[in-house]
Amino acid sequence: MGAPVSLPADAESLLPHSGRMCCIDSLVAFDEQRATAFVRLVPEHVLLDGQGVLDPCAYIELGAQAAGAMHAANQGLAGTPPELAILAGIQKFTVKGAARAHDSLRIDICLLGELEGMSSLSFSVQREEAVLAEGRLKVFMPGPGFSFGQEG
Amino acid sequence: MTDQEIIDKTNSALVEEFELDRSAEEMKPELQLAEDLDLDSLDSVDMVVLFEQEFGVKIGKDPAIVQIKTLGDLHSYIIGKVRAVEAGQA
């Protein structure tokens with residue numbers, strides 16, 4: 001049974017990721033269409049390289065985890081447990097700037113469409129007013145009862 | 001917007017969005033979305049987003065769009081949606 005989510009919400013309470021694998025800090029706003037999450041890149045953040053620079057592909061993980069937190073928060077309000085969600089694709093992904101240790105990043109998510117378990121979401125990662133990366137995520141949610149290896 | 005203008009806009013949008021290996025003029029109604037254009041179920045949600053943005057129609061979770069097999073059927077579906085908006089029904 002889910003529970004209403006109070007904001008800001010600790011991301012680890014919304015995602016299956018734990019410890020360092022939870023790459024965002026908090027969800028600060030959400031509804032069924034949009035959400036905003038934040039992360040401060042502490043020097044030991046798992047997505048930073050040895051020079052303290054965020055790998056460009058890591059923006060996708062930040063967007064995916066923010067989308068997962070948005071979905072879980074909405075499910076919490078609906079009183080249902082979180083569902084399995086699979087990142088099925090990335091589109092129109094562009095990187096416009098680098099993020100480094102100690103940066104605080106804002107991740108915005110917008111649900112563009114849903115059909116038959118597949119969702120299309122736009123995301124952007126910003127540092128203050130500068131957009132560092134943006135793109136679209138395609139997420140597949142097979143629904144309750146699905147398990148890997150299941151046929152049919 | 002005439003039916004032909006809707007068809008032309010649909011074809012151009014599909015070619016551009018999905019980077020199809022054919023021109024908009026080569027988009028014939030008898031083409032199969034899956035077999036001829038390689039548009040599969042993973043692309044369905046992107047088509048929904050694309051046509052909602054291009055035509056200002058509401059498709060939402062309409063299961064009818066995943067039943068569409070040919071480009072001609074898709075044209076008819078989009079024309080129907082546009083006409084419904086014009087008539088104030090959607």
Side-chain angles (χ1 to χ4, degrees), chain A residues 31-35 60 63-64 66-68 70-72 74-75 77-78 80 83-94 107-124 131 133-152, chain B residues 6 9-22 24 32-35 37-82 84-85 89-90:
Chain A
D31 60 23
E32 292 185 353
Q33 294 296 126
R34 298 172 188 279
I60 297 168
M70 169 183 163
H71 183 69
N74 278 303
Q75 285 194 312
L77 287 175
T80 55
E83 292 176 31
L84 175 66
I86 300 163
L87 182 60
I90 306 294
Q91 296 167 302
K92 304 179 188 297
F93 178 54
T94 56
I107 305 125
D108 287 304
I109 298 288
C110 178
L111 178 64
L112 301 173
E114 291 179 290
L115 190 69
E116 303 240 310
M118 196 71 70
S119 300
S120 179
L121 307 104
S122 65
F123 76 98
S124 68
V131 175
E134 58 191 1
R136 274 198 207 170
L137 307 170
K138 195 184 296 187
V139 178
F140 178 56
M141 286 174 287
F146 176 88
S147 63
F148 287 103
Q150 137 184 324
E151 293 185 8
Chain B
I6 294 170
K9 191 172 180 180
T10 299
N11 291 343
S12 298
L14 285 171
V15 168
E16 182 175 346
E17 177 72 14
F18 296 101
E19 300 177 344
L20 301 181
D21 191 22
R22 61 180 76 222
Q32 299 280 322
L33 297 182
E35 289 81 359
L37 300 179
D38 285 333
L39 297 174
D40 57 25
S41 59
L42 287 174
D43 297 311
S44 297
V45 70
D46 296 316
M47 282 199 276
V48 169
V49 173
L50 176 67
F51 295 133
E52 286 186 343
Q53 291 176 343
E54 288 287 330
F55 294 103
V57 299
K58 183 63 180 169
I59 298 172
K61 299 177 182 178
D62 185 356
I65 196 165
V66 296
Q67 304 301 323
I68 292 171
K69 303 297 183 193
T70 70
L71 189 55
D73 292 341
L74 180 61
H75 293 153
S76 299
Y77 177 84
I78 299 298
I79 289 168
K81 286 290 183 184
V82 171
V85 168
Q89 297 169 4

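Predicted model only: the values in this text are computed from it and were never measured. Reminder, nothing fancy here: chain letters follow the sequence lines and each chain counts from 1.
Around CD of Q91(A), the count of heavy atoms belonging to other residues, nucleotides or ligands within 6.0 Å exceeds 12. A 6.0 Å sphere centred on CD of Q32(B) holds more than 12 heavy atoms belonging to other residues, nucleotides or ligands. Heavy atoms from other residues, nucleotides or ligands lying under 6.0 Å from CG of D21(B) number 12 at most. Counted within 6.0 Å of CZ on R22(B), heavy atoms from surrounding residues, nucleotides or ligands total more than 12; the atom is thus considered enclosed.
By a heavy-atom distance cut of under 4.5 Å, I65(B), V66(B) are the residues of residues 64-77 of chain B near chain A, going up by number. At a heavy-atom cut-off of under 4.5 Å, chain A is reached by S44(B), V45(B), D46(B), V48(B), V49(B), E52(B), Q53(B) from residues 44-53 of chain B, listed in order of number.
Distance check: S120(A) OG to D43(B) CG gives 11.0 Å after rounding to the nearest 0.5 Å.
When heavy atoms are compared at a cutoff of 4.5 Å, E116(A) approaches chain B solely by way of its side chain, counted from C-beta outward.
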